[in-house]
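Heads up: numbering here begins at 1 and tracks the sequence. What's counted below: heavy atoms across the whole structure, side chains too, no hydrogens, waters or symmetry copies. Order of listing sets the numbers, starting from 1, for every ligand and every atom in it.
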Amino acid sequence: MPEGTTLEVDLDKIIFNTSQVVEKCHRLGIAVLGVTKGFSAMHQIVSAMVEGGVDGLADARMENIIDLRKRNFDQEITLLRLPHLSNVENIVRYADTSINSEMMVIEALAETAKAINKIHKIILMVDVGDLREGLFAGNVLNAVKQISDLEGVSLSGLGTNMGCFGGILPSPENLGVLVGLANAVESKIGRRLEVVSGGGTSSLSLVEKNNVPVGINQLRIGEGILLGTDTTHNRRIPWLLQDAFLLRAEVIEVKRKPSVPIGDIGRDAFGNVPHFIDKGVRNRAILALGKQDVDVEGITPINEKIKIMGASSDHLILDITDCEQDIKVGDQIEFSLSYSGLLSVSDSSYVAKTFKRRSL
Ligand SMILES: *Cc1c(COP(=O)(O)O)cnc(C)c1O
C-alpha cells in the first residue's frame with residue numbers, strides 16, 4: 001500500500017461509467033464529450049474515458065488541453081470556458097472548438113485562425129436562465145450573422161449551460177428554447193448546425209426519461225462519469241458507480257480529549273471564531289490531511305461512524321468514539337469525494353495518485 005496521502009482511481013469504474021453514459025446517450029442520437037477539468041485532465045483517466053467511448057474531450061483550462069495534445073490525444077477537444085482574449089493563439093492551435101459569447105473574442109479567434117491557416121469552430125452559448133455565460137435568445141440571430149461574415153471561424157452550433165451559477169435544472173422547456181433557436185439559425189444560414197449542446201450531467205435525468213427534446217445532439221459530461229452523482233438534482237445516478245475515487249490519509253495521533261478546548265477562545269488558523277458543543281471526553285484521531293491537500297467540505301469518511309470535527313492547513317481532526325474498529329497511529333482512513341473534493345485533491349501536489357486497472 002502506498003504511504004502518505006493517496007488518491008486511488010479505479011480506471012475500470014471510469015470506463016464502466018463512461019460506457020453506460022455513452023450507450024444511453026447514443027441511443028437518443030446524442031454525442032458525449034468527456035469533460036476532463038474535474039481531475040486536472042490526468043491522462044490515465046482521460047484514456048479511460050476514451051476507452052469508454054466518448055465522442056470527444058472537453059476542458060475549461062488551456063493548460064490541460066495543451067498537456068493532452070503533448071500526450072498525443074488527437075480527439076476533438078472543446079474549450080469549455082469562454083476564451084481569454086489574451087490567449088487566442090493557443091486556443092486556435094490546440095482546441096478544435098470553443099464556447100463563446102463575446103463578438104470581440106470571436107473576431108480575435110477568426111483573425112488568429114486565418115493567420116495560421118486554420119478554421120476554429122465556435123459554439124455560441126445561449127443563456128436559457130442559469131445566468132452564467134451566454135447570449136439571451138433575442139441576440140442570437142444577430143450574432144450568427146456577424147460570425148458568418150468572418151473568415152477563420154465557423155459556427156459549429158449552439159450550446160447552453162445549466163446547474164452552475166443559478167442552479168437551474170434542465171427541462172424539456174428550456175432545452176426546447178435552444179432547439180427552437182437552432183432551427184431558426186439553420187433557416188437563416190441555410191445549413192444544418194453540427195452541434196446543439198444541451199448541458200452537462202444535470203441533463204442526464206432527461207436522457208433517462210427520454211425527455212430530451214429532439215434536436216439536442218451533444219452533452220458534456222464530467223461529474224456523472226467520474227462520481228456517478230448529479231449534484232444539481234442532489235442525487236446518486238442509480239445506473240452509475242459512485243466509488244471510482246478513494247482518498248486515503250494516515251493517522252498521526254490518537255488520543256482521548258475533551259470536546260471543548262481549554263482556555264480563552266480567540267480565532268482559529270483561518271480567522272474564524274470556533275464554536276464547540278460539549279460532548280464530554282471523546283476519542284480523536286488526527287490525520288496528515290488538511291486544507292492544503294483537499295477541500296475538506298468535499299470529503300466524507302467511508303466509515304459512517306467517523307465524524308470530521310475540523311481541519312487546519314495540514315491536519316484533519318476526527319471523532320472516532322463511535323467507531324467499532326480500533327484505530328491506531330499509522331492506519332489509513334478512507335474517504336469518498338464530492339466534485340469539489342475531487343477537483344481540489346486532483347490539483348494538490350501533496351496527494352499521490354495511484355491507478356487501478358484489472359481488465360487488461
Ligand atoms: C464543467 C462543465 C461541464 C461538465 O459539467 P458536469 O456537471 O461535470 O457534467 C459542461 N459544460 C460546461 C460549460 C462546463 O463548464
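Taking a 4.0 Å cut-off on heavy atoms, Met162 fails to register as neighbouring ligand 1.
With no hydrogens or angles considered, a side-chain donor-acceptor pair links Asp295 and Ser340 at under 3.5 Å. Side-chain N/O atoms of Arg220 and Thr78 include no donor and acceptor closer than 3.5 Å. Under 3.5 Å, the side chains of Thr5 and Asp293 contain no donor-acceptor pair of N or O atoms. For the residue pair Asn90 / Asn87, a side-chain donor-acceptor distance below 3.5 Å is found, with atom types taken as modelled.
With contacts defined as side-chain heavy-atom distances shorter than 4.5 Å, the pair Glu334/Pro301 does not qualify. Using a 4.5 Å cut-off on side-chain heavy atoms (C-beta onward), Asn161 and Glu133 make contact.
Interface of Ile221 with ligand 1, defined as ligand atoms under 4.0 Å from a residue heavy atom, comprises 9 (O). The Glu223 neighbourhood of ligand 1 comprises atoms 6 (P), 8 (O), 9 (O), with distances under 4.0 Å to a heavy atom of that residue. Here is the list of ligand 1 atoms found below 4.0 Å of a heavy atom in Arg132: 13 (C), 14 (C), 15 (O).
In terms of protein heavy-atom proximity, atom 4 (C) of ligand 1 is closest to Arg220 O, 3.5 Å. Ranking protein heavy atoms by distance to atom 12 (C) of ligand 1, first place goes to Asn161 OD1, 3.6 Å. Annotation: atom 9 (O) of ligand 1 to nearest protein heavy atom, Thr201 OG1, 2.6 Å. Taking atom 15 (O) of ligand 1 as the reference point, the nearest protein heavy-atom neighbour is Lys37 NZ, 2.6 Å.
At a 3.5 angstrom cut-off on N or O pairs, Gly199 does not count as close to ligand 1.
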Applying salt bridge (charged side-chain N to carboxylate O under 4.0 Å, His left out) to Asp319 and Arg284, what does each step give before you reach the verdict? CA-CA 5 Å; Asp319 185 329; Arg284 307 186 332 156; over 6 Å; no
